[in-house]
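Each remark here refers to the structure printed beneath this line.
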Amino acid sequence: MSAQLTDITMDAAPAPAPAVTPIAQPTSAAANRDSRIHTHSHIKGLGLGPDGSALPISQGFVGQTQAREALGIHLWLLREGRYSGRPLLLVGPPGTGKGLQALFREKATYKEERKIELSASYDVQETT
Ligand SMILES: Nc1ncnc2c1ncn2[C@@H]1O[C@H](COP(=O)(O)OP(=O)(O)OP(=O)(O)O)[C@@H](O)[C@H]1O
């Protein structure tokens, strides 16, 4: 039978530390660009019509029509050189395409391969 809680006192000999199994670091192959991009490889375009409105299901995208339309305007401004900054704030629950849209913007905007920084924040405050 294992020790009872009442058996544990301050002057008792410390228990040996449990063996710790080291966590394997991702190999360079697992962390390479392709493995990160492949989760979004079903996306071929933003799926916008000629007037900039999003088709409900198009180019691999499903829904998220307002976000896609906003990204379309953002990309247009970038390409036209009418937008001085590049920051993009994406807000939404996990798995709703924030990373997808950030990577899409980079691929659609820049020819060369670039590293982008994605930082998550859970500091959300409701406004009324
Ligand atoms: N509207 C969408 N249409 C098609 N595929 C989508 C859509 N939204 C997300 N996906 C796919 O779902 C998966 C999760 O999306 P993604 O990683 O971009 O979510 P996220 O919002 O960045 O999640 P997290 O906040 O957990 O990082 C990816 O494979 C992405 O390509």
Side-chain angles (χ1 to χ4, degrees):
M1 187 175 166
S2 62
Q4 301 288 312
L5 273 180
T6 50
D7 295 335
I8 301 171
T9 61
M10 292 298 284
D11 52 345
V20 177
T21 307
I23 298 171
Q25 293 295 315
T27 63
S28 58
N32 71 13
R33 178 178 181 274
D34 282 349
S35 67
R36 288 179 280 115
I37 299 291
H38 282 166
T39 54
H40 310 300
S41 59
H42 57 294
I43 301 296
K44 307 300 177 205
L46 263 186
L48 302 179
D51 64 348
S53 60
L55 304 166
I57 300 176
S58 181
Q59 301 285 318
F61 265 106
V62 178
Q64 299 289 16
T65 53
Q66 286 185 313
R68 285 155 56 204
E69 288 167 6
L71 185 57
I73 294 168
H74 178 85
L75 285 172
W76 180 78
L77 289 170
L78 276 176
R79 284 178 177 174
E80 294 287 310
R82 297 185 186 203
Y83 188 54
S84 60
R86 298 199 323 263
L88 184 62
L89 177 65
L90 298 160
V91 180
T96 52
K98 300 181 296 295
L100 163 63
Q101 297 210 21
L103 284 170
F104 184 90
R105 181 185 78 159
E106 295 303 303
K107 285 176 76 177
T109 310
Y110 304 103
K111 283 200 175 93
E112 77 276 18
E113 198 172 297
R114 295 157 42 95
K115 284 191 176 171
I116 63 168
E117 184 181 333
L118 299 176
S119 53
S121 170
Y122 295 94
D123 222 2
V124 176
Q125 199 169 22
E126 283 195 18
T127 54
T128 51

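Keep in mind that this is a model prediction, so the values were computed, not measured. In each ligand, atom 1 is the first atom listed, and ligand 1 is the first ligand listed. Hydrogens, waters and symmetry mates are skipped; everything else that's a heavy atom, side chains included, is used.
- Each of the atoms 3 (N), 4 (C) of ligand 1 lies under 4.0 Å from some heavy atom of Gly60.
- Linking Ile, Leu, Val, Met, Phe, Trp and Tyr whenever their side-chain heavy atoms come within less than 4.5 Å puts Ile73 and Leu78 in one cluster.
- For Val62, a nitrogen or oxygen atom sits less than 3.5 Å from a nitrogen or oxygen atom of ligand 1, counting backbone and side chain alike.
- In summary, the atoms of ligand 1 found under 4.0 Å from a heavy atom of Thr96, numbered by their order in the structure, are 8 (N), 9 (C), 19 (O), 20 (P), 21 (O).
- The shortest N or O to N or O distance between Gln64 and ligand 1 is not under 3.5 Å.
- The shell of residues lying under 4.0 angstrom from ligand 1, judged by heavy atoms, includes His42.
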Where do Leu88 and Leu71 land on the side chain to side chain contact (heavy atoms under 4.5 Å, CB included) test, with the steps shown first? CA-CA 9 Å; Leu88 184 62; Leu71 185 57; 4.0 Å; yes

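- A distance of 7.5 Å separates CZ of Phe61 from NE2 of His42, quoted to the nearest 0.5 Å.
- The distance criterion of under 3.5 Å between nitrogen or oxygen atoms is met by Leu100 with respect to ligand 1.
- Close approach of ligand 1 to Gly99 (heavy-atom distance below 4.0 Å) involves ligand atoms 18 (O), 20 (P), 22 (O).
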What donor-acceptor contacts under 3.5 angstrom involve side-chain atoms of residues 93-103, with partners at least two apart or in another chain?
from  : atom 1 : to    : atom 2 : distance (Å)
Thr96 : OG1    : Pro93 : O      : 2.6
Lys98 : NZ     : Gly92 : O      : 3.0
Lys98 : NZ     : Pro93 : O      : 2.9

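- Within the structure, ligand 1 lacks Gly92 among the residues with a heavy atom less than 4.0 angstrom away.
- Evaluation of the side-chain hydrogen bond (donor to acceptor under 3.5 Å, both in side chains) test over residues 52-68, restricted to residues two or more places apart or in two chains, returns Asp51-Ser53.
- By the 3.5 Å distance cut-off applied to N or O atoms, Gly97 is counted among the residues near ligand 1.
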